[in-house]
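A short worksheet on the structure shown next.
Numbering of residues begins at 1 and proceeds along the displayed sequence. Nothing here was measured: the structure is a model prediction, and the numbers come from that model.
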Amino acid sequence: MTNDVGTNWAGNLAYSALTLHKPTSVDEVRRIVVASSSIRALGSRHSFNDIADGTAELLSTAALTGPVTVDRERSTVSVGAGIRYGELARELEREGLALANLASLPHISVGGAVATGTHGSGIRNRSLAAAVAGLELVNASGELVRFSASDPDFDGAVVNLGALGIVTRLELEVEPAFEVEQTVFEKLPLENLLRDFDGVTGAAYSVSVFTTWRDPDVADAVWVKRRPDRDAPLEGTLFGAVAADDERHPLPGLPAIGCTPQLGAVGPWYNRLPHFKLDFTPSNGVELQSEYLVPRVHAVDAIRAVRELSAEIVPLLQVNEIRTVAADELWLSSSYGTDAVGLHFTWVQDQPAVQKLLPKLEAALEPFSARPHWGKLFTSGAQDLDRLYPRLGDFRLLAKRLDPDGVFANPFTDGLMGR
């Protein structure tokens, strides 16, 4: 236990909790929870809002990493909630296995990414949370509760925002290991993207479009991650964009030394699907992030709406990434019931200015049912979220049943629950 709670990854939030617990076993988690009247789980601190903050105590899951147990008959792997995706990837590679997808950063914890509905990219790739086949959590009474896909509350328990208990272990679906090649294409005419959005984003297994909006008629880059065993070969151009002649960083002008290999070099899935290498820790304290996911049917109109605000966005923007996510049935997933497109904004670290801009950006995206990423900066209130998440009422009932006294509540979840 320590009183040095510190800040989140970006440094824009100082945690208000006075105590940080660092358990190394599930039994220790149970003892801590039973002795606490208010506690929240803390993962790799990669949230940009106060979703993971606690008013009294925080519990780090960082040491809850093992064991990593493979079930080949069920094609699953069981892991501690605190393990990071990069660490898990190495374990799976030794077993000749893979996850279907990864986020752009491999340094985030499995438990935290799942709890907030974090995702990678690909028109047929679902969110990271959709790979969950089972989970265990410690409830407010200190009991270890297990959820499997056959349980009626399973779809509500996966993306849980930390409001149901301390998740200690997850079971994830896996598949045979595969290879990926990554190619960056530059200067995509925006009208080509809007004219054939499905063609661009479906050009390979995973595709990300990056733009700074400094030239509102051009998307700066398209990162194409191709599976040679599934996808057609690429040519030197992609819808008018030209293959880069050197490796690139997602943020124009930065060195690509920490980025995963490009230039069409084939390599293992875990060293191509993220944008950044497993052994590279991205700098912190220099950015803020927001993301809004719109149903895929509204993608083109939503991008046009962002373009209309480009003059106001550019002074605060480092880069805007556009990614696709396949539908799932998890109640609080941002792709619940619909194929979605994520509009991800990496901002400069000027929080007052960003917070001032967000309501205008959200108003522009409001006609397109834009769901905010739970772990990023946004200003939508409970009334908006009720409209956007049809099962939010069911989630409130589940949280009330599992945590009637609000042991795992904080101001973020209180606003969501209408407390």
Side-chain angles (χ1 to χ4, degrees), residues 1-26 28-65 80-84 108-118 129 135-145 156-170 332 373-378 382 385 395-396 398-419:
M1 182 176 70
T2 177
N3 292 326
D4 183 20
V5 181
T7 70
N8 64 343
W9 177 83
N12 68 302
L13 173 71
Y15 292 112
S16 56
L18 300 177
T19 302
L20 175 64
H21 299 276
K22 300 179 179 180
T24 58
S25 70
V26 174
E28 193 176 353
V29 173
R30 296 175 68 181
R31 290 195 295 271
I32 292 168
V33 169
V34 167
S36 178
S37 60
S38 177
I39 193 165
R40 294 282 290 176
L42 186 65
S44 50
R45 303 183 181 224
H46 202 262
S47 293
F48 292 79
N49 58 38
D50 58 354
I51 188 172
D53 199 7
T55 56
E57 300 175 64
L58 287 172
L59 185 152
S60 171
T61 62
L64 304 176
T65 59
I83 195 168
R84 299 180 183 228
I108 55 178
S109 69
V110 172
V114 166
T116 55
T118 297
L135 61 89
E136 296 179 356
L137 60 80
V138 174
N139 69 11
S141 301
E143 300 169 316
L144 190 62
V145 181
V158 178
V159 181
N160 57 64
L161 315 185
L164 306 183
I166 307 293
V167 175
T168 56
R169 196 160 188 82
L170 300 105
L332 295 191
H373 186 297
W374 295 111
K376 314 289 186 180
L377 294 178
F378 65 92
L385 296 172
F395 182 80
R396 291 191 183 108
L398 179 61
K400 185 66 176 176
R401 175 155 49 87
L402 294 182
D403 183 24
D405 297 323
V407 171
F408 304 110
N410 70 354
F412 185 100
T413 61
D414 283 345
L416 187 67
M417 303 297 176
R419 292 190 179 111

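Without hydrogens or angle criteria, S60 side chain to A62 main chain gives a donor-acceptor distance under 3.5 Å. The backbone N or O of N12 sits less than 3.5 Å from a side-chain atom of N8, completing a donor-acceptor pair. Of the possible polar contacts, one joining the T413 side chain to the N410 backbone as a donor-acceptor pair under 3.5 Å is found. Using modelled atom types, one side-chain atom of N160 and one backbone atom of V158 make a donor-acceptor pair closer than 3.5 Å. Looking only at distances, no side-chain donor or acceptor of R84 sits under 3.5 Å from a matching main-chain atom of I108. In terms of modelled atom types and a separation under 3.5 Å, the side chain of R30 and the main chain of G142 share a donor-acceptor contact.
Evaluated for a side-chain contact (heavy atoms from CB on, under 4.5 Å) with I39, the options L59, V29, T19, V138 yield exactly one hit, L59.
In this structure, NZ in K376 is found 6.0 Å from OG1 in T118, a value given to the nearest 0.5 Å. Separating the CG atom in L377 from the CG atom in L13 is a distance of 9.5 Å, to the nearest 0.5 Å. F48 CZ to H373 NE2: the interatomic distance, rounded to the nearest 0.5 Å, is 9.5 Å. Remark: K22 NZ to L42 CG distance equals 10.0 Å, nearest 0.5 Å.
Remark: T61 pairs with no residue by the side-chain hydrogen bond (donor to acceptor under 3.5 Å, both in side chains) rule, at least two apart or across chains. Remark: T168 pairs with no residue by the side-chain hydrogen bond (donor to acceptor under 3.5 Å, both in side chains) rule, at least two apart or across chains. L170 is linked by a side-chain contact (heavy atoms from CB on, under 4.5 Å) to A81, V110, V114, V132, L135, V167, L172, counting only residues two or more places apart in sequence or in another chain. Applying the side-chain contact (heavy atoms from CB on, under 4.5 Å) criterion to A157, with sequence neighbours excluded, gives F147, L164. When the side-chain hydrogen bond (donor to acceptor under 3.5 Å, both in side chains) test is applied to R169, the partners found at least two apart in sequence or on another chain are S78. For L161, the side-chain contact (heavy atoms from CB on, under 4.5 Å) partners two or more places apart in sequence, or in a different chain, are I51, V159, L332, W374, L416. The side-chain contact (heavy atoms from CB on, under 4.5 Å) check on S25 picks up D27, E28, with sequence neighbours excluded.
Residue pairs that meet the salt bridge (Lys or Arg N to Asp or Glu O under 4.0 Å) test with at least one member in residues 7-19, sequence neighbours left out, do not exist here. Applying the side chain to side chain donor-acceptor pair (under 3.5 Å) rule to pairs touching residues 44-56 yields S16-D53, S38-T55, sequence neighbours excluded.
Scanning both residues, R40 and A409, for their nearest heavy atoms gives CD-O, 4.0 Å. The nearest pair of heavy atoms linking P23 to A63 is O-CB, 3.4 Å. Nearest heavy-atom pair, S36 versus E57, reported as atom, atom and distance to 0.1 Å: OG-OE2, 3.0 Å.
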Handout entry: V5 and L18: CA distance, side-chain angles, deciding distance, side chain to side chain contact (heavy atoms under 4.5 Å, CB included) verdict
Key = CA-CA 7 Å; V5 181; L18 300 177; over 6 Å; no

